[in-house]
2 protein chains.
Amino acid sequence: MYDKMLRERELKVTPQRIFILEEIRKMGHAGIEDLHDKVKEVYSSVSLATIYKNIHILVEENILREVPVHGRKSVYEINIGDHVHMCCTKCGEITDIMNIDTRPMILEAERQSGQPYERIAVMLQGVCSKCRNN
Amino acid sequence: MYDKMLRERELKVTPQRIFILEEIRKMGHAGIEDLHDKVKEVYSSVSLATIYKNIHILVEENILREVPVHGRKSVYEINIGDHVHMCCTKCGEITDIMNIDTRPMILEAERQSGQPYERIAVMLQGVCSKCRNN
DNA sequence: AAAATTGTTGATATTTTTTATCAATATCTA
DNA sequence: TAGATATTGATAAAAAATATCAACAATTTT
């Protein structure tokens, strides 16, 4: 699955790398430290540097995307294109909101400024339904 | 000007603090290190810790806002409420886009998820007109 | 206006986070 | 399967952020 993506970019298909990608997909959004912990469960000797190096190269190659978060460290997700994020101001959980079309906002910005935009990152902040009901 | 905002929150009005706020307003968006350099020009002995402490408390008190940026450290701006940011992928400059209404997107998200959102942060990425013409 | 109170500053130490280095090893190519 | 090349893991180094605390400044109280 990720094999092909890596090969296309001439990145070597190592078990650690595959595991990192699969873990991020499972987790949805993962921080460096979370990831390191998860990977260690299987590759107990994995170095933190390996996590950093992989995250960097995978973001550079557009396989992952960085999601910067207010007040804490970035998390990373599989690059599935632009979409809206929500961050709970109480528990901090980050979730995707997939059904909001961001193109109208991009088009409006392009119309106003006369310059094209390649990407848009939207982060909504509020209390999630789980926290709201507790 | 910032005196009142600080007093209302029972923060002491120190020259360093005022200068930091005025400098951020002038610069539009400032990173910690930029700020430290600017403040040092006038208060040559200002400690980096003072910059950090002020940024933190001023963000907490909603006088400043953090603007997280992909691939680098956050910058900070005077809190003028939600608005769209643009970051040039070539020169890195961050600018405000003031005339895009973010409420429709918030309303749509609220309609879909049935939960309220207090804030929205939008970051557009593209090559700015200055870079485009060079 | 001086004294008391309280918060802030600056200096520095410490911690945390990230990057660099490099030999050993694993992946891939031919 | 051998050779070329990239990746890993260990660790050192650098960079970024936070904690500590005495001296000081802003504000409040008297």
Side-chain angles (χ1 to χ4, degrees), chain A residues 1-24 30-61 63-64 66-76 92, chain B residues 1-24 30-61 63-64 66-76 92:
Chain A
M1 172 56 180
Y2 294 118
D3 286 41
K4 210 182 79 188
M5 299 178 76
L6 294 172
R7 280 183 221 284
E8 280 169 3
R9 292 158 171 96
E10 305 187 322
L11 294 176
K12 290 191 173 166
V13 180
T14 69
Q16 293 91 333
R17 188 164 278 168
I18 292 294
F19 189 86
I20 286 170
L21 286 167
E22 284 178 347
E23 203 55 44
I24 293 176
I32 296 284
E33 211 54 53
D34 307 332
L35 249 181
H36 187 213
D37 291 343
K38 281 287 181 188
V39 180
K40 265 196 297 193
E41 288 175 12
V42 173
Y43 301 93
S44 57
S45 69
V46 71
S47 172
L48 183 56
T50 296
I51 310 293
Y52 274 107
K53 283 180 282 196
N54 273 291
I55 292 290
H56 275 141
I57 201 162
L58 295 170
V59 167
E60 244 170 37
E61 296 292 345
I63 294 175
L64 293 181
E66 181 189 0
V67 182
V69 186
H70 292 76
R72 46 190 177 115
K73 296 202 275 175
S74 291
V75 297
Y76 300 87
Chain B
M1 172 56 178
Y2 293 119
D3 286 40
K4 211 182 78 187
M5 297 178 77
L6 293 172
R7 281 184 220 285
E8 279 169 2
R9 291 159 171 94
E10 304 188 322
L11 294 175
K12 288 189 174 168
V13 180
T14 69
Q16 292 92 333
R17 189 164 277 169
I18 292 293
F19 190 87
I20 286 171
L21 286 167
E22 283 176 350
E23 204 54 43
I24 294 177
I32 296 283
E33 213 54 54
D34 308 333
L35 248 181
H36 187 213
D37 291 345
K38 282 286 180 190
V39 180
K40 264 196 298 193
E41 286 174 12
V42 173
Y43 300 93
S44 57
S45 69
V46 71
S47 172
L48 184 55
T50 297
I51 310 292
Y52 274 108
K53 282 180 282 195
N54 273 291
I55 292 290
H56 274 141
I57 202 163
L58 295 170
V59 167
E60 244 170 36
E61 296 292 344
I63 294 175
L64 292 180
E66 180 189 0
V67 182
V69 186
H70 292 76
R72 47 190 177 113
K73 295 203 277 175
S74 290
V75 297
Y76 300 86

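Taking 4.5 Å as the limit, some side-chain heavy atom of I55(B) sits within range of a side-chain heavy atom of L35(B). Proximity of T14(A) to L6(A): side-chain heavy atoms (C-beta onward) are nowhere separated by under 4.5 Å. The closest side-chain heavy-atom distance from I57(A) to R17(A) is below 4.5 Å. In this structure, the side chains of N54(A) and L11(A) stay at 4.5 Å or more apart for every pair of heavy atoms. Using a 4.5 Å heavy-atom cutoff, the side chains of L48(B) and E33(B) are in contact. By the 4.5 Å heavy-atom criterion applied to side chains, V46(B) and I20(B) are not counted as neighbours.
Looking at heavy-atom distances under 4.0 Å, L11(B) makes contact with sugar-phosphate atoms alone, never a base. Using a 4.0 Å heavy-atom cutoff across all strands shown, E10(A) reaches no nucleic acid atom at all. T14(A) comes within 4.0 angstrom of sugar-phosphate atoms only, judged by non-hydrogen atoms across all strands, and of no base. S45(A) comes within 4.0 angstrom of the backbone, heavy atoms only, and of no base. Contact annotation for Q16(B): backbone-only contact, meaning every heavy-atom pair under 4.0 Å involves sugar-phosphate atoms and none involves a base. Residue-level contact check: H36(B) touches neither bases nor backbone, having no heavy atom under 4.0 Å from any strand.
Checked against side-chain hydrogen bond (donor to acceptor under 3.5 Å, both in side chains), E23(A) has no partners two or more places apart in sequence or in another chain. In this view, Y2(A) satisfies the ring pair (Phe, Tyr, Trp, His ring centres under 6.0 Å) rule with no residue, not counting sequence neighbours. Y52(A) pairs by the ring pair (Phe, Tyr, Trp, His ring centres under 6.0 Å) definition with nothing, not counting sequence neighbours.
Taking every nucleotide of DNA chain C with any atom under 4.0 Å from a non-hydrogen atom of chain B, the first and last of them, 5' to 3', are dT6(C) to dT12(C). Extent of DNA chain D lying under 4.0 Å from chain B heavy atoms, first and last nucleotide in 5' to 3' order, is dA16(D) to dT27(D).
Between D34(B) and K38(B), no side-chain nitrogen of the basic residue sits less than 4.0 Å from a carboxylate oxygen of the acidic one, so the salt-bridge criterion is not met.
Other residues, nucleotides and ligands contribute at most 12 non-hydrogen atoms within 6.0 Å of the CD atom of E10(B).
With DNA chain D read from its 5' end, the first of the two nearest nucleotides for A49(B) and V13(B) is the one closest to A49(B). Residues P15(A) and K53(B) both approach DNA chain D. Their nearest nucleotides, taken by heavy-atom distance, put P15(A) toward the 5′ side.
Axis angle, first five pairs versus last five pairs of the helix from dA1(C)-dT30(D) to dA30(C)-dT1(D): 50°, rounded to 10°.
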